[in-house]
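See structure below.
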Amino acid sequence: MLGYTITQWLFGILSFLAIMFALMVVFTRNPVNSVLYLVLTFFCIAGHYLLLNAQFLAIVHIVVYAGAIMVLFLFIIMLMNLDADTEPQKHIGTRFIAGIVGGVLLFVMVGALRGAEQIQLVQTGSSQIGLVKNLGKVLFSEFLFPFEIASILLLAALVGAIMIGKRDTNINSKETTNS
Amino acid sequence: MKGLFIISGLGILAMLAEIFKFKKLLYPLVLMGILAAYAMNFMEWNNNYDIPMFGNMIRFDNVALAFSGVILVTAFFWFILANDYFEHDHITDHFALVLFALVGALMLTSFSNMTTLFLGIEILSIPMYVLAASRKRDLASNEAGFKYLIMGSFASGFLLFGIALIYGATGSFDLMAIRAFISHANGDLPAFFYAGVLMVLVAMLFKVSAAPFHFWAPDVYEGSPTVITALMSTIVKTAAFAAFMHLFLVVFGGVSETWSMVLAVVIALSLVISNFTAAAQQSVKRMLAYSSISHAAFMLMAILANNRGWASINAILYYSLAYSIGSIAAFTVLYNVSKARNSSNIEAFNGLGKRHPFMAACMVIAMLSLAGIPVTAGFFAKYFVFSVLIGTSFKWLIILAISTSAVGVYYYFKVIIAMYFKSEESPEEVTMETSHVLLLALTALFTIALGLVPNYVIEIFN
Amino acid sequence: MLNGIPINFYIMLSAVIFIIGVIGVMARRNAIIIFMCIELMLNAVNLLLVAFSTLHNDPSGQVFVFFIMAVAAAEVAVGLAILSMVYRNFKSIDIDLLSRLKN
Amino acid sequence: MLVGLLIIIPLIAGLLVFFTKGNTSRTLALSLSVIEFILSLVVLFQFKHNPESQNLILNCSWIESLGIHFAVSIDALSMLMVLLTTFLVPLIILSSFNTTYEKPNSFYGLILLMQMALIGVFTANDGFLFYVFWELALIPIYFICLIWGGENRARITFKFFVYTLLGSLFMLVGFIYLYNHTGFDTGIKSWAITDLYQAGKSLNLSQQSFVFWCIFLAFGIKMPVFPLHTWQPDTYVTSPTQGTMLLSGIMLKMGTFGLIKWLMPMTPLALEKWGGVAIGLAVFGIVYASCIAIVQKDYKRLIAYSSIAHVGLIAAGILSANQQGIQGAVMQMLAHGVNVVGLFLIADILMRHTGTREMDKLGGIRNMNGNFAVLFLIVMLGSVALPLTNGFVGEFLLINGIYQYGAWIAAFAGLTVILGAVYMLRSYQAIMLGEKRDSAIAFGSLQSSDKWVLYIICITIIAFGVYPKPLNELAEEGTKLIMMNLK
Amino acid sequence: MIKLVALIPLFPLLGFIINGFFGKKISKNVSGWIASLAVLASFIVSLLIFIDLEEHKEMTSHIVPLFSWINSDTLKIPFEFLVDPLSSWFLLIITGIGFLIHIYSIGYMHDDEGFSRFFTYLNLFVFFMLLLVLGNNYLIMFVGWEGVGLCSYLLIGFWFKNTAYNNAAKKAFIMNRVGDLGFLLGIILIFVTFGSISFDKVFTIASSGSEATVTAIALLLFIGAMGKSAQLPLYTWLPDAMAGPTPVSALIHAATMVTAGIYMIVRSNVFYSMSEDASHIVAVVGVATALFAATIGLFQNDIKKVLAYSTVSQLGLMFLGLGVGAYSSSVFHVTTHAFFKALLFLGAGSVIHAMGGEQDMRKMGGLKKALPITFVTMLIGTIAISGIPPFSGFFSKDEILAHTYEHSPTLWFFGQLASMLTAFYMFRLLYLTFYRKFRGTHEQEHHLHESPKTMTIPLIVLAILSVVGGVLGLPEFWGATNWMHHHLDSIIVQKNPSILNHTKEWTLMAIAVLSAGATIFFAYMVYMKNQILPEANDAKLTGIKKLIYNKYYVDELYDFIIRKPLDGISVVFYKFMDLQVVDGIVNGVGSAVTGISFVVRKAQTGHIGLYIFGMVVGIITILFFTFIK
């Protein structure tokens, strides 16, 4: 088909969609819609993972992001009762400048991210690395330490979230830091 | 290595303390634990040099041990400072969070893989976000935590993008591998590798709060509870510098021409902005925040002199020790003064010289040290930085640093002048716990001792 | 070429998504959206890492993505907790209102 | 070992005095400083008889890895400076006996600590140690001026502090630069003065120029040389009298001493190239400060400006880099130290007895106290360098030295001979002569401590004017050593 | 004997110390006599040494080392004395006249409260003056030179309650210092050129110096002499110096100190002999001063001012003599001038004493009867200074003028003119003071009395000396021996024998005597015959009279070209340069810091959006400059 393989077609479509949805996340006024667009973006990215033979990662991605994180976001948004009407908007000029700066950043990035042509290709196509078995092996041997230490991270997040979320019984303010 | 585990264990223990009802025991336990970790640290000195741990994820060589030592010493001091901070009901949560942050800090001294770097930064940062916001009813604290979180995560994005690019170019997260790759490539590296290095640089500059990535620091420092600010400006900073140094002196030293000019400009900008803004502050807390930016710039100067090898590392080590101890002393005084006078403004210090001579004297020593006057530790800190930088082509930075540190003297001395030469308006008695008196005496002693015999720190790697 | 697609394309794609995230952070006032945009940036990085992982045929890239996900989850948990606390106190999550600390 | 004692005694004395109260502190401080003076005479004796004696050298390692040593020693130049310090400090302490200061223990303690630092500066043989003492000297004087100073003291002393600190940081940079160039042959870096000399000489012109200006800035500010002087008059006026005496009598000499011993032998090429510029500044400063002194109304401020003029001549003499110039500078440093202490004491006496230093409001004091008039006259004559006063020997040698550098510069510098007479005589006339003025009516007689200080100073002025040989010999010897190093 | 030379300055020094420390405790008479005897002792020693020296002609100069004073490498300055014909002669003048004036002062100052102080200063002065002439090197000379300046300052301002006197004292000191700077630079140039400043060494190798250098040395030394000896343009202090007590004017400002310049140039005659230009300048300055001061003297009404201008004028003549190479003649004139000018001043002092402090001649007159001794002695002095033979002034002045004629008739003409004017104003003084009728108040008239013996005896002694002083230097063409010439022979390197023929010499002498006589007659006509009195009101003077009466407005001119600009510059330096520019820059840096702080601080707005924005711009900049540029 026009000299492109299916993968290439898929890549094109997924990329286009991912970028489109990403833009929608930024430019939709209603936060709820933003979340939904973000979920869609995640799905596109998961698609890319599949294209790249990272099947397990694709699944985890869907489960963690779309399933857990995004639900959390939605939940908070619902809780705060945010919608298009209450959504505060930046001044149009600010947004315009943000866009310009983003464009310039893109331009600079394009300049900066040259040089990938030189990379030696190791192998193509049917990679096995994305399989659970391979990943698990690496994770529990080479990456054992980070894996273990990540638990500290999660514990810290857990404690932190609980501490912040818990209602105070007394005001623990002996000092004021207002000024 | 073992110290890291001890601290992790302590953190988990702190979590459990609430459940198993040994809250009262926790404080001494933590102090003892830190001492134990320090002892372990000490015993590992020279023992397992160059033995990679866990698939080369983490490596406690002497440099790492030295920086861990600085962090542990500071942490010990900090826990003394913060003893009454833990008296309220969330005691265990706070303990756990601080200890987890400590784990992150120790990882940052010893990482040898991008994964551990990233995890270390996050383990350090996430508890800090929470701790900054820990004063839940206080709007300033809320705002501080929130700002820190947003900007911290944003910076993490850049860090990760940089790591990804470096991974793409080199095919590994292992720092030794990356270093070997750089030296083998002989300058024949893809452009996006350099982009990756620069993005990591930006993220690290954010962590050490160098201009123009410093904006978060003054606001967060000011909004956070004073003890947490003390934590941020000492342990977090030391850890960030250990990481920075490891990355840019050891790993990316081979491509220094990419980043050294950038770093030089950043240092210049930091020196000017921090000192000049600090001079205009009314709040001592905020002034210390800006001054910490200026100190960061000084430490960065040592990194800039990357061709000086061990001398640079020595300089950073010494600087972070001197700065941490000086800061702890300054924050101890600030904490007590603002508690009594209900303000952290400079006026709160008026007449302290009469009211509490000991406290004032220790504050003078701290200020002199931070200003870099001999024979305090701060002087040698600056001296070592100058002496490594003077052999490079960045002599102009020294001139700039000297000029701006004159401004620095201005704001540090403002405190001294307030303490001794302004009559006090508020009659509140300033009192201090015995532990704090001890702490101040200890830090003052350390500051002077380090200034008199800097050998013991400076010759540590020889 | 990975599956017939040049690596450059992936780099560009993730750069674009990353920058869209950056623009979002800059352009929006709603803290939650900003948070989401940061997630977008992280995902761009994830995509890049996976692409490089495949390129180098090295699983560590993908493992790294796991860690990023874990961190992202932790960050989101803490972040949303702080956000809800801020909302409780300020009755808003407009970042422009959070500017008491300045100068 | 003796030299170590010289440094340690004031330190211990200072600490001891901190723990005393009221009048005990000043008595203790005085007696301890007299002991220190006696010790310095012992050192002088030792030096005269056996200059190579181990007693005069102390060298122990301080920071081994950086080649920093706690190395102090006595040579002819430092002997003179130490004598000046130990001689003046008891006088300065004695001169304070008629003023009650709050917290006298801190006041005298700080003076003694200052003495320690000053002796350290003058005896240091290690660049780093020199720098450390240099900075250490700044802190006590800063607090003396700040705590016991007059109007606007916070702003003025701060300006002084920042000014001098800035200068000394540049000096540190210069020294570090030299330090980095030491040990090319041995590979061992060192801060020893001889190694720094060697390192300095191994540099090319542009490197030497960098070092020269970095270090000159510090010394120039300390002295101070035009146009780095604006901290000085305000600080002198605001400081308590004893602070001013320390500043002008001894501390100022740190700059000139440093110039002689530390800067010139290190950068001979730069001296050749830039010496002229520096001399130009110094000489212009002479005329400039003299002129300004002429129109001063406050006597203390007048002395402050006259001090700039004097030190300008000293600096020009030093920078002319010949035997007469440097030797004259050394002699003049000693003389100026004594004279200026006398002058500031007189200003203090005026202030205490009449409540003002404004010359317009004074006059005719000679009618009330002829003794004081004579003492004042002698000190003044010493200051205008009349022959047979101590000021003359130095001034003659200085103009001689400058003349050898350039005849016209010497003629211009020599204007100090005329202008000095103008402002000194004018002020003397305004204060002492003429009919009695209201402010002077209650002048009364001098307190005995003031009298004794003035007697001692006047005796010194005349004794070393008539027979300068003992000091002059040392100055000659020290200068010869420097000249040898200059080659 | 020679070794005892150290005693000469020691006696006055002892007198100074005794009077200085115990003056208030001992009685007036005692302190006065202690001081006088100290000088007398010095005089006796000087006389002995002088005789000793005369007797042993084979060795004319003796160096007496005392101690080493200043050493600096090659610069070695010992404290040592030189005794030779020149210095021994000056010792006699100083101690001799000094002693007489001390005696005189006992009477003159008797009622003054600062009696012992006066003698303290006077003894100190003698001490320094002796140092000046005794020193064997220029620096010791300089010590004495400055020392006498100090004493002059102290004595002019002796009555320190009077502001005008204090100003006069200050003026004298400062103006002298201008000259001293020249002298000092001259000394240094001598050292730089010859490697020594000792007379014995320098003069033996003086010929090795280039002419330009020697000229420079000579001129620098001459600047010093100008200041001390009140030559144009540094003369204005001397008339003002009359503010001091009259004995001071006699001793310091007539007989001794002001002649120090002549001593110095005679001492350095080697240099002047080598440099034609320098000598010429000395001569021209000398004659100009002589004439200039003489004209001013014509219209002065203050008795001491007339004498002061006369002194300036006579000093000018002496420099004229030096300039034309007649060194011994100048020393001769110094000597005779010391006699008669001291006499005149002391006489004037006697008059003032009698008049109760009045110095204005317009209010005197007819004092002949009341003060007979004073009148006679003053008459002798006046005749002597006017150059009437055989009084001493005639011989010395004539010798100088004869040598001048030899050198340049033009200079001679002006010198002769000045000499004529001298005769005029001196007789004017005499007529106005002693003749005609008394013009003062009744009270003063009642009070008139002759002075006590302590004052009249010195007058008489000096009068005798003024009469016979001429024998020291009788003209050689008379067939007599010029003792002074021979005495100084060994000091002067370039001999200056007269080459004029006898006719010419006789002619010159006749012109001098006749012109003096004519002038005296003219003065007689004006003041005695026509009874003309000086205008009582200064303001009514017009034209050239006004100009001269106001001393050509030189003081005002100096005020205008030196003092005012100096004050102006000082104010500009202080108010503008120091406070505005230099300190302004320093403070400007301070305010700039504050200003920048304020601006930079504003960037910290507290808005996260802006912070992020800042970061992104930072990143863009970094990437841009690294990759795109």
Side-chain angles (χ1 to χ4, degrees), chain D residues 159 163 226-227 229-231 233 288 290-296 305 323-324 327-328 364 366-367 370 373-374 377 381 384 386-388 392-393 396-397 399-400 403-404 407 410-411 414-415 417-422 425-426 429 432-436 467-469 472-473 475-476 479-480 483, chain E residues 20 24 67-75 77 79 117 128 139-140 142-147 149-150 153-154 157 160-163 166-167 169-170 173-174 176-178 180-181 184-185 187-189 191-192 216 566-567 569-575 577-579 581-583 585-587 590:
Chain D
K159 187 167 161 188
Y163 228 127
F226 177 87
H229 66 277
T230 51
W231 63 268
Y288 177 80
S290 300
C291 282
I292 291 177
I294 290 173
V295 292
Q296 290 308 308
Y305 275 107
Q323 172 81 25
Q324 280 77 29
Q327 189 184 336
R366 190 168 187 168
N367 293 306
V374 173
L377 184 73
L381 293 177
V384 298
L386 203 83
L388 297 193
F392 175 68
V393 182
F396 170 68
L397 290 174
I399 296 180
N400 199 331
Y403 192 95
Q404 290 169 46
L415 289 178
V417 170
I418 300 163
L419 296 172
V422 173
L425 293 186
R426 259 193 199 190
Q429 182 181 339
M432 303 303 292
L433 306 180
E435 288 290 347
K436 270 187 213 180
Y467 195 65
K469 197 177 164 198
N472 199 35
E473 264 179 356
E476 191 183 4
T479 310
K480 276 189 176 153
M483 291 304 294
Chain E
K24 277 185 189 155
F67 54 88
S68 106
W69 190 35
I70 301 175
N71 275 346
S72 177
D73 205 23
T74 55
L75 174 67
I77 307 172
F79 207 101
R117 188 159 58 89
F128 275 122
L139 208 64
I140 300 200
F142 188 75
V143 170
W145 190 269
E146 288 258 280
L150 166 70
Y153 166 75
L154 292 172
F160 57 82
K161 288 179 192 173
N162 186 319
T163 307
N166 289 326
N167 285 338
K170 195 173 64 186
F173 193 82
I174 290 166
N176 265 304
R177 278 236 147 182
V178 176
D180 294 351
L181 175 60
L184 194 64
L185 291 173
I187 295 173
I188 293 167
L189 184 55
F191 165 67
V192 172
L566 182 64
D567 279 354
I569 274 185
S570 302
V571 170
V572 169
F573 273 170
Y574 181 51
K575 293 266 156 74
M577 273 288 274
D578 215 48
L579 296 183
V581 179
V582 183
D583 207 28
I585 289 170
V586 176
N587 291 335

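Chain letters run A, B, ... following the sequence lines, proteins first, then strands; residues in each count from 1.
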Winner by heavy-atom pair count (cut-off under 4.5 Å) against chain E, out of D:Gln404, D:Met432, D:His229: D:His229

Contact class of E:Val571 relative to chain D, heavy atoms under 4.5 angstrom: both

Heavy-atom proximity to chain D below 4.5 Å, by part of E:Ile585: neither

Side chain, backbone, both or neither of E:Val586 within contact of chain D (heavy atoms, under 4.5 Å): side chain

Chain D contacts, top residue of E:Leu185, E:Thr163, E:Leu184 (heavy-atom pairs, under 4.5 Å): E:Leu185

Contacting region of D:Val384 [heavy-atom separation from chain E under 4.5 Å]: both

Option in D:Val393, D:Leu388, D:Asn367, D:Ile399 with maximal non-hydrogen atom pairs under 4.5 Å from chain E: D:Asn367

Within-4.5 Å side-chain heavy-atom neighbours: E:Phe573 and D:Val295: no

Which atoms of E:Phe67 approach chain D - backbone, side chain, both or neither, heavy atom under 4.5 Å: side chain

Max heavy-atom pair count under 4.5 Å with chain E, selected residue of D:Phe392, D:Tyr403, D:Tyr288: D:Tyr288

Region of E:Asn167 that comes under 4.5 Å of a non-hydrogen atom in chain D: both

Which portion of E:Ile140 sits near chain D, non-hydrogen atoms under 4.5 angstrom: neither

Residue, of D:Gln296, D:Glu435, D:Lys159, D:Gln429, that accumulates the most heavy atom pairs under 4.5 Å with chain E: D:Gln429

Residues E:Tyr153 and E:Asn176: side-chain donor-acceptor under 3.5 angstrom: no

Smallest separation among heavy atoms of E:Asn71 and D:Asn472, with atom names: N-ND2, 2.9 Å

Closest non-hydrogen atom pair, D:Arg366 against D:Ala373: CG-CB, 3.6 Å

Residue part contacting chain E, namely of D:Leu397, when any heavy atom lies under 4.5 Å: side chain

Contact origin within E:Phe128 toward chain D - heavy atom pairs under 4.5 Å: side chain

Polar side-chain atom of E:Asn166 near backbone of E:Phe160 as donor-acceptor pair, under 3.5 Å: yes

Heavy-atom proximity to chain D below 4.5 Å, by part of E:Ile70: both

Where D:Ala293 and D:Tyr305 come nearest, the two heavy atoms and their spacing: CB-CB, 3.9 Å

Proximity breakdown for D:Leu386 and chain E, heavy-atom pairs closer than 4.5 Å: both

